[in-house]
J.: 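Can you keep this structure in mind? I'll have questions shortly.
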Amino acid sequence: MDDQTRMLTGLTGLGGLAQADVGDPDSVRKQQSLGQPQQDIGDILQQIMAITDESLDEAQARKHALNCHRMKPALFSVLCEIKEKTVLSIRGVQEEDPPDPQIMRLDNMLLAEGVSGPEKGGGSAAAAAAAAAAGGSPTDSSIEHSDYRAKLAQIRQIYHSELEKYEQACSEFTNHVMNLLREQSRTRPISPKEIERMVAIIHRKFSSIQMQLKQSTCEAVMILRSRFLDCQVRKRRNFNKQATEVLNEYFYSHLSNPYPSEEAKEELAKKCAITVSQVSNWFGNKRIRYKKNIGKFQEEANLYAVKTAVDAANVSAQASQANSPATPNSGGYPAPCYTPDGRL
DNA sequence: TGGTATGATTTCGT
DNA sequence: ACGAAATCATACCA
């Protein structure tokens, strides 16, 4: 059954309502005793209209009488339906709001930073990752680390207490409004659906306030994190042995042209668990320092030359010595010579 | 504790 | 934007 027909059938029970003698209260009251439905409804409407002219006590009594009237539920549902058709159906279209992407982003971020979600010092994971990326072991930055965790815990605590406050306020307000509407629904055409809608509106309002809270919490975490990272930058840490080995291997095996491409840098960065710009810095430093004092790097150069030669031998052995590998050194940076004592 | 090593930053040229 | 060179700041070690 579509809305139109439902509405029409809903109104059939009111046949003759327009023609009912509603203009004259006395005639309506007279007709009430006849027990005809249309007369009952006309009577109820008339009484409702008359309530405003009565004293408060009288009105209360009348209200109670109306509430108990046997036609009240029918009239109530009809009025609800009419109201639904006229006003709320317009708004009903955009009722189903999808989850706000902004709030989802904030939620995800707060979860990732360990502010929301289960308590386990989760935020330190990011800090540990930052420390590891800077080349240090996560344990030796314990001072800043604990400081960071303490600050994060503080933010977490404030966030949760504020959130709780908002939630409490929201449920209190919702209950209040619901009670009010339920009470009013005794005399006004307020359907449960409408109450539901009202609750949804309140929740939306409160969630926008919550979003502000989430936003400012995110900002606080970001500021804290950038300070922590600044701290990490100032406190320089040497790369670990394995990372230096990987970088040196590349440098000495590409001594003729020790300029890794963007892809090579990314590859090296991944291997060494450092950033691409750190790889660039390392190569910049290495080139200039090697060039300045080749003698000093002789031993190191020989070491890595032997290493790569062994590796190459292994590879070529596996490849059934098909053709000799191209030597990388052809110009560019001076190649090391292989004297046993490391002199040039 | 001072010297050296080393990662990061700055300045300048292309 | 990238690299060379100089310089800074800190880690590391004897």
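Remember, it's a predicted structure, so these values are computed and weren't measured experimentally. Each chain gets a letter, A, B and so on, in the order its sequence line appears, and its residues count up from 1.
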J.: Rounded to the nearest Å, what distance is computed from the CZ atom of residue A:F283 to the C1' atom of nucleotide B:dT9?
T.: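 It works out to 19 Å between those atoms.
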
J.: Rounding to a whole Å, what distance do you find between A:E245:CD and B:dT6:P?
T.: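 In whole Å, B:dT6 P lies 13 Å from A:E245 CD.
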
J.: Give a yes/no answer on whether the side chain of A:K265 brings an N or O atom under 4.0 Å of OP1 or OP2 in C:dC2.
T.: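 No, A:K265 has no side-chain N/O under 4.0 Å of OP1/OP2 on C:dC2.
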
J.: Within the structure, does a side-chain N or O atom of A:K292 lie under 4.0 Å from either OP1 or OP2 of C:dA4?
T.: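 The answer is no; no side-chain N or O of A:K292 sits under 4.0 Å from OP1 or OP2.
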
J.: May I have the distance from A:E300 (atom CD) to B:dT4 (atom P), rounded to whole angstrom?
T.: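 Checked: the CD to P distance equals 18 Å.
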
J.: Measuring from atom CD1 of A:I190 to atom CD of A:E183, what distance do you get when rounded to the nearest 0.5 angstrom?
T.: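 If we round to the nearest 0.5 Å, A:I190:CD1 and A:E183:CD are 10.0 Å apart.
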
J.: In terms of relative ring orientation, are A:F297 and A:Y290 parallel, tilted or perpendicular, with 30° and 60° separating the classes?
T.: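 If you compare the ring of A:F297 with that of A:Y290, the planes turn out tilted.
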
J.: Counting just side-chain N and O atoms, does A:R289 come under 4.0 Å of either OP1 or OP2 of B:dT6?
T.: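 Indeed not, no polar side-chain atom of A:R289 lies that close.
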
J.: Return yes if the base of B:dA5 and the side-chain atoms of A:N238 contain a donor-acceptor N/O pair under 3.5 Å, otherwise no.
T.: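 No pair found.
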
J.: Would you mind reading off the distance between A:F239 atom CZ and C:dC12 atom P, rounded to a whole angstrom?
T.: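 Spelled out: CZ on A:F239 to P on C:dC12 is 13 Å.
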
J.: Verify, without hydrogens or angle tests, whether A:S261 (side chain) and A:A264 (backbone) share a donor-acceptor contact under 3.5 angstrom.
T.: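 Judged by distance alone, yes, a pair lies under 3.5 Å.
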
J.: Determine the interplanar angle of the A:F283 and A:Y250 rings, folded into 0 to 90°, and report it as parallel if under 30°, tilted if 30 to 60°, perpendicular if over 60°.
T.: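 Answer is perpendicular, since the angle exceeds 60°.
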
J.: Taking atom P of B:dG7 as reference, at what distance in whole Å does atom CG of A:L268 sit?
T.: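 It works out to 14 Å between those atoms.
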
J.: Nearest whole angstrom, please: distance from the C1' of C:dA11 to the CG of A:N285.
T.: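 Distance, rounded to whole Å: 15 Å.
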
J.: What integer distance in Å separates A:N240:CG from C:dC12:C1'?
T.: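 So the two atoms are 15 Å apart, to the nearest Å.
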
J.: Considering just the side-chain nitrogens and oxygens of A:Q278, establish if one lies under 4.0 Å of OP1 or OP2 belonging to B:dG7.
T.: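 The answer is no; no side-chain N or O of A:Q278 sits under 4.0 Å from OP1 or OP2.
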
J.: Nearest-Å distance, CD1 (A:I288) to P (C:dA4)?
T.: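 Atom-to-atom, A:I288 to C:dA4, this comes out as 7 Å.
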
